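Structure first, commentary second.
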Amino acid sequence: MDKRKKGFSTELRLMVVGTSGPSQFLLTNHILGRKEFAKNVTSISGSKKNTGELAGRRVAVINGPNIFDKDISPVKRKMELRRSKCLCIPGPHAFLVTFEMEKISLNETRTPKLMKERFGRGCLRHCMVLLAYEGNLEGAALEDRVQKSDWPLRELIEQYGGRFHVFSKNWRDRSRDRELLHKIERMVASLGGVCFSSKTFQRAEDHVKKEVKRLRKQRTVEIEKVWTEMEKKYIAEELYHQKDVYTANVGTEIRARAEMDNGWLRTSLARGLGTGFVVGAVMGALFGAIEGPGGMVLYGIIGGAVGGSAGGTAQVAIEHMENRVAPPARLNFNSIFINRFFAAPRP
């Protein structure tokens with residue numbers, strides 16, 4: 001019993017999965033109690049992690065591109081799937097699969113199969129259906145309405161073990177926060193209080209750890225420099241406190257960078273570039289055959305360049321998201337820290 005309570009005091013990792021439209025982003029706003037995504041956002045090109053609290057419990061919410069998003073290439077989708085796993089290591093406590101309550105399509109009944117393909121066969125035991133609803137929530141009466149609805153919705157919920165919750169599209173409505181948290185915690189407790197894991201989540205964790213080790217080694221000199229400055233400025237307990245704060249901040253920054261960019265993701269990008277180049281070159285050569293042997297060479301080169309560019313569009317997302325998670329240059333963090341703590345003597 002004590003072990004369970006101790007486990008429940010830790011951060012809940014929630015991976016929010018959307019099929020199409022804005023429901024997964026509205027749910028993220030609802031869980032965090034703030035407007036992280038605009039109401040009209042229907043898709044994102046890159047994965048993202050946000051932290052906050054749900055009914056007093058610390059949570060990390062991970063969003064990736066929608067499952068049925070047609071504006072994303074297979075290469076980009078594969079890399080973002082990997083990135084979402086890196087952001088959620090060692091694995092999510094719960095997958096929250098979101099749908100528009102009034103717009104369940106037959107196509108969306110395929111999502112359990114896609115979930116198993118992308119995350120692992122056992123992931124459905126960690127899943128709960130979240131239904132976005134416009135209007136005033138009526139608690140039990142509204143859930144009773146869901147259970148009596150048409151068969152596509154009922155069948156969908158049954159595939160996820162019958163677990164579901166209705167949430168308001170208005171994130172300012174906090175009336176059912178505790179109920180949602182209790183449902184998630186009960187599901188996690190029924191699974192022994194452990195998070196979901198699979199070979200790919202383990203692989204993601206291994207690559208993040210390797211990247212953290214590499215980045216920390218790169219920063220050894222500057223960390224030692226800051227510590228030396230601290231030793232000139234502070235003594236005894238205050239010195240230990242300042243070192244702890246600095247070390248924790250550096251660790252957080254390094255971890256964020258490693259989750260967003262590591263060897264596993266770079267391998268995915270390189271393969272995308274290679275595949276794009278080969279496919280583009282072949283298609284270019286076929287079109288160039290019309291012009292003769294010279295045309296095959298010329299169009300093959302052009303096609304390869306264009307294909308490689310298309311296959312590597314994911315790099316744009318990497319750079320963009322890195323800038324949102326951490327300072328673009330390592331020296332910026334130290335400069336801020338040194339200016340704050342060493343520029344002027346403390347009274």
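Model, not experiment: these values are computed from the prediction.
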- Measure from NZ or CZ of Lys183 to the centre of the six-membered ring of Phe164 and say whether it is under 6.0 Å with the direction within 45° of the ring axis. yes
- Criterion side chain to side chain contact (heavy atoms under 4.5 Å, CB included) on Leu153 and Phe99, from CA distance to verdict: CA-CA 10 Å; Leu153 176 56; Phe99 303 92; over 6 Å; no
- Message: Could you check whether any side-chain N or O of Thr98 sits under 3.5 Å from a backbone N or O of Gln24, counting only pairs where one atom can act as donor and the other as acceptor?
- Response: yes
- Considering all heavy atoms, the nearest Pro112-Tyr160 contact: N-OH, 3.3 Å
- Item | Distance, nearest 0.5 Å, that separates CD1 of Ile62 from CG of Asn50 | 9.0 Å
- Item | Nearest non-hydrogen partners of Met230 and Gln242, listed with the distance | CE-O, 3.4 Å
- Message: Rounded at 0.5 Å granularity, tell me how far OG1 in Thr28 sits from CZ in Phe37.
- Response: 5.5 Å
- Pair Arg174 + Asp177, salt bridge at N-O below 4.0 Å: yes
- Item | Expected output: side-chain Thr247 to main-chain Asp244 donor-acceptor under 3.5 Å | no
- Any donor-acceptor pair under 3.5 Å from Arg82 side chain to Trp264 backbone: yes
- Checking side chain to side chain contact (heavy atoms under 4.5 Å, CB included) for the pair Lys48/Val61: CA distance, chi angles, key distance, verdict? CA-CA 8 Å; Lys48 184 177 181 182; Val61 184; over 6 Å; no
- Message: How long is the straight-line distance from OG1 of Thr19 back to CZ of Arg110, given to the nearest 0.5 Å?
- Response: 11.0 Å
- Task: List the steps and the verdict of side chain to side chain contact (heavy atoms under 4.5 Å, CB included) for Leu12 and Arg57.
- Result: CA-CA 8 Å; Leu12 266 180; Arg57 178 77 187 272; 3.5 Å; yes
- Item | Any Phe167 side-chain heavy atom under 4.5 Å of Leu131 side chain | no
- Check whether any side-chain N or O of Arg13 sits under 3.5 Å from a backbone N or O of Gly91 as a donor-acceptor pair, and report yes or no. yes
- Task: For residues His126 and Phe95, establish whether the separation of their ring centroids is below 6.0 Å.
- Result: no
- Item | Pair Ser43-Asn66, side-chain donor/acceptor within less than 3.5 Å | no
- Task: For Lys35 and Lys39, work out which heavy atoms get closest and say how close.
- Result: CE-N, 4.4 Å
- Hey, is the main chain of Ile72 close enough, under 3.5 Å, to the side chain of Ser45 for a donor-acceptor pair? no
- Message: I'd like to check Glu253 versus Asn249 (side-chain heavy atoms, cut-off strictly below 4.5 Å). Are they in contact?
- Response: no
- Query: Does a donor on one side chain and an acceptor on the other come within less than 3.5 Å for Asp173 and Ser175?
  - Reply: yes
- Do Val212 and Lys209 come within less than 4.5 Å of each other through their side chains, counting heavy atoms only? no
- Message: As an exercise, state the distance from CG of Asp261 to SG of Cys86, rounded to the nearest 0.5 Å.
- Response: 9.5 Å
- Task: State, to 0.1 Å, how close Glu205 and Pro90 come at their nearest heavy-atom pair, and which atoms those are.
- Result: OE1-CB, 3.6 Å
- Please check if the side chain of Arg77 supplies one atom and the backbone of Asp69 the other of a donor-acceptor pair under 3.5 Å. yes
- Lys/Arg N to Asp/Glu carboxylate O, Glu211 vs Arg266, below 4.0 Å: yes
- Would you please say whether a donor-acceptor pair under 3.5 Å links the side chains of Glu100 and Ser23? no
- Step by step, would you call Tyr240 with Tyr234 a side chain to side chain contact (heavy atoms under 4.5 Å, CB included)? CA-CA 9 Å; Tyr240 294 130; Tyr234 305 106; over 6 Å; no
- Task: May I ask whether Phe25 and Val129 are part of the same hydrophobic cluster, defined by side-chain heavy atoms of I, L, V, M, F, W, Y residues being less than 4.5 angstrom apart, directly or through others?
- Result: no
- So do the side chains of Ile89 and Arg255 get within less than 4.5 Å of each other, counting heavy atoms only? yes
- Is there a path of hydrophobic side-chain contacts, each under 4.5 Å between heavy atoms of I, L, V, M, F, W or Y residues, that connects Phe201 with Leu114? yes
- So, Arg83 side chain and Met260 main chain: donor-acceptor pair closer than 3.5 Å or not? yes
- Message: Would you say CZ of Arg178 has more than 12 non-hydrogen atoms from neighbouring residues, nucleotides or ligands within 6.0 angstrom?
- Response: no
- With side chains defined as the heavy atoms from C-beta onward, is the minimum distance between Gln159 and Thr111 less than 4.5 Å? no
- Can you tell me how far CD of Glu155 sits from OG1 of Thr109, rounded to the nearest 0.5 angstrom? 5.5 Å
- Message: Would a single hydrophobic cluster contain both Ile44 and Leu27, if residues Ile, Leu, Val, Met, Phe, Trp and Tyr are joined by side-chain heavy-atom contacts under 4.5 Å?
- Response: no
- Query: Does any donor atom in the side chain of Lys85 or Thr200 lie under 3.5 Å from an acceptor atom in the other side chain?
  - Reply: yes
- Task: Side-chain contact test, heavy atoms from C-beta onward, threshold under 4.5 Å: evaluate it for Val17 versus Leu96 and give yes or no.
- Result: no
- Task: Using the six-membered ring of Trp227, assess whether NZ or CZ of Lys243 lies under 6.0 Å from its centre and within 45 degrees of the ring axis.
- Result: yes
- Task: For the residue pair Glu53 and Val59, establish whether any side-chain heavy-atom pair is separated by less than 4.5 Å.
- Result: no
- Message: Would the distance check show the side chain of Asn262 and the main-chain N or O of Ala258 forming a donor-acceptor pair, the cut-off being under 3.5 Å?
- Response: yes
- Kindly say whether Val166 contributes a backbone atom to a donor-acceptor pair with the side chain of Arg176 at under 3.5 angstrom? yes
- Message: Show the nearest heavy-atom pair for residues Cys127 and Val97, with the distance to one decimal.
- Response: SG-CG2, 4.2 Å
- Do other residues, nucleotides or ligands put more than 12 heavy atoms under 6.0 Å from the CD atom of Glu117? yes
- Note on the structure: Rounding to 0.5 Å, atoms CZ (Arg118) and OG (Ser198) come to a distance of 14.5 Å
- Residue from Glu11, Glu259, Glu36 passing salt bridge (Lys or Arg N to Asp or Glu O under 4.0 Å) with Lys49: Glu259
- Are Ile31 and Trp171 linked, directly or through other ILVMFWY residues, by side chains that come within less than 4.5 angstrom of each other? no
- Message: In this structure, would Leu87 and Ile67 fall into the same cluster of hydrophobic residues linked by side-chain contacts under 4.5 Å?
- Response: yes
- Query: Near Arg125 CZ, under 6.0 Å, is it more than 12 heavy atoms from other residues, nucleotides or ligands?
  - Reply: no
- Message: Using a 3.5 Å distance criterion without hydrogens, assess whether the side chain of Arg163 forms a donor-acceptor pair with backbone atoms of Ile157.
- Response: no
- Message: With a 4.0 Å cut-off on N to O distance, would you call Lys225 and Glu222 a salt bridge?
- Response: no
- Task: Can you see which heavy atom on Glu80 is nearest to which on Ser47, and at what distance?
- Result: OE1-N, 2.7 Å
- Item | Heavy-atom check, side chain of Leu191 versus side chain of Phe196, under 4.5 Å | no
